[in-house]
Each structure stands twice: as C-alpha cells, then as structure tokens.
> 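Have a look at this one before I ask anything.
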Amino acid sequence: MKALILSGGTGSRLRPLTHSTPKQLVPVLNRPVLEHVLDNVRGLGITEIGLIVGAGDRAVPRAIGDGARFGARITYLPQDRPSGLADCVRIARHFLGGDDFVMYLGDNMLPEGIADCAARFRAERPAAQLVLKRVADPTAFGVAELDGTGRVLRLTEKPREPRSDLAMIGVYFFTAAIHAAVAAVAPSPRGELEITDAVQWLVDRGEPVGATEYAGYWKDIGRIEDVLDCNRWMLARQTGSVAGEVDPASTVAEDVVVERGARVVRSRIDAPALVGAGSVIEDSHVGPGSAIGRDCLVKSTRLLDSVVLDGASISHVSGLRSSLVGRGATIGRSRDDRELHRLIVGDDTRTEIAA
C-alpha cells in the first residue's frame, strides 16, 4: 500500500499566519500537523508516500525533506491550483500505479491513529473505503448515507439538507478502481473534480464501497479554534517532565513539559503546558493550554491557551489568551490591563499593543 497526502489549499481562515506558513505546517504540541499525519501513515507500515503541494511551494519540502527521518521515501507532486481531491488522485496516477493507497488530507489531526480502519480495508479490499465521523453540522462536509450493512448508498458534497450526519473526515482507502472513476467524472459546478463524485461513480456501477465510523478524536485544522482545541487535547495527554532550568522563585505544575535548554525565571506555569527547547520564560504566568515553541522569549506577560511558534518574542503584555503567534514574531508592550483575545500574528511581524 502507498499513501497520498494532500498539502495544498490556502488556509485563508488562519491568515495572516498562512501568508507565509502553509496551514499543514502550523504546529500542534510543537510539531507541524503534517508531521503528525506522516507518523500515522508510517504507523501503517507504508514507506512510499506521495505528497501533493502547491506549485512553487518550497516551505513544505524544506520542512519535511525527503522522508528519511520518518523512515519513508517522499515524492513531491505539484498541483497548479486547488482543483478538487479527485484531481489530486489524477495528478498522482503515475506515482500510485496499480497499488492500493490511503489518501489523507494533510490538515487533519487523528492523533489516535487509523490502524483499525486500515486493517479493515486490507481484510475486505472494497474498491473504496471511507472514514466517517458523526458531526453536528453536516452541511460543511461531504456526507455519506449507508445501508443496514454499512455499505455506502449515496454521497453528497456539502448538502443544504443533509440526509445523514456521517461526514467524510479526510481519510480514504482505495484500490486502483478509483482511477477509472476519476477519469470518468466531470468537474462540479464549483469547477473541481470532487472525490465524492468519483466514489459515487463506483457505487452506481455496483462496486463495493465500504465505510468505517471513526470513534477517536478528530479535528480539521482550518480555524484558530481548531488549532487551539487540538493543542489542548494533545497537551492534556502528555506526561510532564522538566529537562530545562527552573529557578527557586518559579512554580511549575506537575503535568508541564519544560524541554532541555529552556529556562523558567520568577514565573508560574500551570498545567497542561509545553515550553520548547531554548525558550526563556521570565516574570510571567503561562498556561494552562499553552504550547511555546523553541527559542522563544516570554517576559513580563500572562499567556493562556495559546500556541507560540519558534523564535517568537512576547514582552510586557498584561494578558494574551486563545491566540496564535507566528515564527519570529514580536508582540510588544501593553500599557493597560486589557486581556487580548484571539490574535493571529503572522511570521516575522512586529505588533505593538497600546492603550
């Protein structure tokens, strides 16, 4: 089995951060989402991985490399413009050959893994197998209707009046039968080749199409709320450890990770929280729910429920909550006691907070 991971898209709801950082490289627990995806794929024993990237995207290849550190070989497959998930299968046709494969959206977090889904696909080998999750608002997703045996009857992309609450959540298993389906379907009214149309083509021709309802935690990292929610979920499951320096004037809760080379000076860190290697926390209150990247500075600041990327600096801010701070960004002095909420700060930008 091979893997096809999709890492395109604009990440418009995470701007200005995603002007310079693809959303698949936004970190959860101080690791890019895409690395978590690659871990899941490698957990299935897959070593041949095709990675769809936007044409001209250098950030993802630079961050991920050739796959050697994951024990895999990565082939980069450029897509000129976002044209639908089925178009990604078309682009990858030569790479995939006649092999079975898992297609995995690179901005989806399934931290409990997909081993059970893969085992079922390998045992039954339907033409396609969808991974589904019950959601509160199916209108934002591709929705599947199943018969009493769990086989797929009908798929609808972002229905106005859903007939099911089972959403497709970004993981698909296919045999080579999908290639004929992709070649047969036409672009949708929004001008894209929809994977729902290709799978429906298989259903209409009597090909076996199965589904697995996913019971674990899942999050599509498309909005700041999603990043923070997933970060909180992951932080709550980490084991606390202190490998850095904590001075006698500081308090660090039990379920906090302070990585090697980090320093905590006259500060309080509540659990759960993570302080990356080389970072300095000085005269500050951090956490709960905060993940601070490597080589950051947090000084005279109260930081709660936020994700701070590598090399960022935050100083003299009375309160910063539920925010996302980009790589190398600087947030300056606050002259009052306002708590700042839901900021998204781009990479290498300077933000001055004033009364």
Side-chain angles (χ1 to χ4, degrees), residues 1-6 40-41 44 46 83-90 92-93 96 98-105 107-108 110 112-190 192-220:
M1 184 185 292
K2 291 179 179 176
L4 180 64
I5 299 176
L6 280 50
N40 277 356
V41 167
L44 306 181
I46 295 173
S83 301
L85 304 188
D87 185 57
C88 294
V89 176
R90 181 192 64 79
R93 178 70 179 89
L96 295 167
D99 294 313
D100 296 351
F101 67 99
V102 57
M103 183 170 77
Y104 199 134
L105 273 61
D107 55 1
N108 276 235
L110 293 89
E112 294 168 278
I114 55 172
D116 291 346
C117 304
R120 180 176 175 183
F121 172 74
R122 284 166 164 155
E124 300 177 4
R125 289 198 72 243
Q129 180 178 297
L130 310 178
V131 179
L132 308 176
K133 183 83 173 175
R134 295 190 185 276
V135 297
D137 180 15
T139 61
F141 301 92
V143 174
E145 299 173 49
L146 310 181
D147 67 13
T149 68
R151 288 184 60 167
V152 174
L153 294 175
R154 186 178 298 105
L155 300 172
T156 311
E157 185 66 29
K158 296 181 174 63
R160 291 184 179 179
E161 298 181 3
R163 298 173 62 176
S164 164
D165 63 352
L166 288 169
M168 293 182 281
I169 61 171
V171 179
Y172 311 77
F173 293 88
F174 295 117
T175 67
I178 192 63
H179 297 300
V182 168
V185 298
S188 68
R190 61 179 186 166
E192 297 189 355
L193 286 177
E194 310 285 359
I195 200 66
T196 48
D197 292 343
V199 177
Q200 185 67 52
W201 187 91
L202 293 172
V203 171
D204 293 343
R205 279 148 188 80
E207 295 281 357
V209 176
T212 301
E213 186 174 344
Y214 190 71
Y217 179 87
W218 160 73
K219 188 65 69 173
D220 173 357

> How far apart are the closest heavy atoms of Tyr214 and Gly113, and which atoms are they?
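Looking at all heavy atoms of both residues, the closest pair is OH-O, 2.9 Å.
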> Between Glu194 and Ser188, is any side-chain donor less than 3.5 angstrom from a side-chain acceptor?
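Yes.
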> Do side-chain atoms of Arg205 reach the backbone of Trp201 as a donor and acceptor pair under 3.5 angstrom?
yes
> Work out which heavy atom in Phe121 is nearest to a heavy atom in Pro126; give both atom names and the distance.
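Smallest heavy-atom distance, with atoms named: CE1-O, 3.5 Å.
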> To the nearest 0.5 Å, what is the distance between CG on Leu96 and OG1 on Thr175?
11.5 Å
> Roughly how far apart are Asp220 CG and Ile169 CD1, rounded to 0.5 Å?
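These two atoms lie 10.0 Å from each other.
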> What are the two closest non-hydrogen atoms of Ala118 and Leu44, and how far apart are they?
CB-CD2, 3.7 Å
> What distance do Asn40 atom CG and Glu112 atom CD have between them, rounded to the nearest 0.5 Å?
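Result: 10.0 Å between the selected atoms.
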> Does Asp100 have any salt bridge (Lys or Arg N to Asp or Glu O under 4.0 Å) partners at least two apart in sequence or in another chain, and if so, which?
Arg125
> Distance check, rounded to the nearest 0.5 Å: Arg163 atom CZ versus Leu153 atom CG?
9.5 Å
> Does Gln200 reach the main-chain N or O of Leu155 with its side chain, forming a donor-acceptor pair under 3.5 Å?
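Checked: pair present.
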> Decide yes or no for His179 and Val89: does some side-chain heavy atom of the first lie under 4.5 Å from some side-chain heavy atom of the second?
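Yes, side chains in contact.
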> Rounded to the nearest 0.5 Å, what's the gap from CZ on Phe101 to CD1 on Ile178? Could you check?
6.5 Å
> Assess whether side-chain contact (heavy atoms from CB on, under 4.5 Å) is satisfied between Phe173 and Val171, documenting all intermediate values.
CA-CA 7 Å; Phe173 293 88; Val171 179; 3.9 Å; yes
> Which heavy atom of Ala3 sits nearest a heavy atom of Val41, and at what distance?
CB-CG1, 3.5 Å
> Roughly how far apart are Tyr104 OH and Leu110 CG, rounded to 0.5 Å?
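One finds 4.5 Å between OH of Tyr104 and CG of Leu110.
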> Would you find a donor on one side and an acceptor on the other, under 3.5 Å apart, between the side chain of Ser164 and the backbone of Ala144?
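Such a contact is found between Ser164 side chain and Ala144 backbone.
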> More than 12 non-hydrogen atoms from neighbouring residues, nucleotides or ligands closer than 6.0 Å to CG on Asp99, yes or no?
yes
> Quick test of your reading of the model: are Arg190 and Glu192 salt-bridged, counting only N-O distances below 4.0 Å?
yes
> Which residues pass the side-chain contact (heavy atoms from CB on, under 4.5 Å) test with Thr212, not counting sequence neighbours?
Cys117, Arg120, Gln129
> Tell me every residue that passes side-chain contact (heavy atoms from CB on, under 4.5 Å) with Tyr172, counting only those two or more places apart in sequence or in another chain.
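So Tyr172 forms a side-chain contact (heavy atoms from CB on, under 4.5 Å) with Leu85, Met103, Leu105, Leu130, Met168, Phe174, Ile195.
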> For Ala86 and Val182, work out which heavy atoms get closest and say how close.
O-CG1, 3.4 Å
> Please check: side-chain N/O of Lys158 versus main-chain N/O of Val143, any donor-acceptor pairing under 3.5 Å?
no
> Do Arg134 and Glu213 sit within salt-bridge range, that is, some charged N less than 4.0 Å from a carboxylate O?
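Yes, charged N to carboxylate O under 4.0 Å.
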> Mind listing the closest non-hydrogen atom pair of Leu4 and Ala92 along with its distance?
CD1-CB, 3.6 Å
> Under the side-chain contact (heavy atoms from CB on, under 4.5 Å) criterion, do Val131 and Ile114 qualify, and how do the steps go?
CA-CA 9 Å; Val131 179; Ile114 55 172; 5.7 Å; no
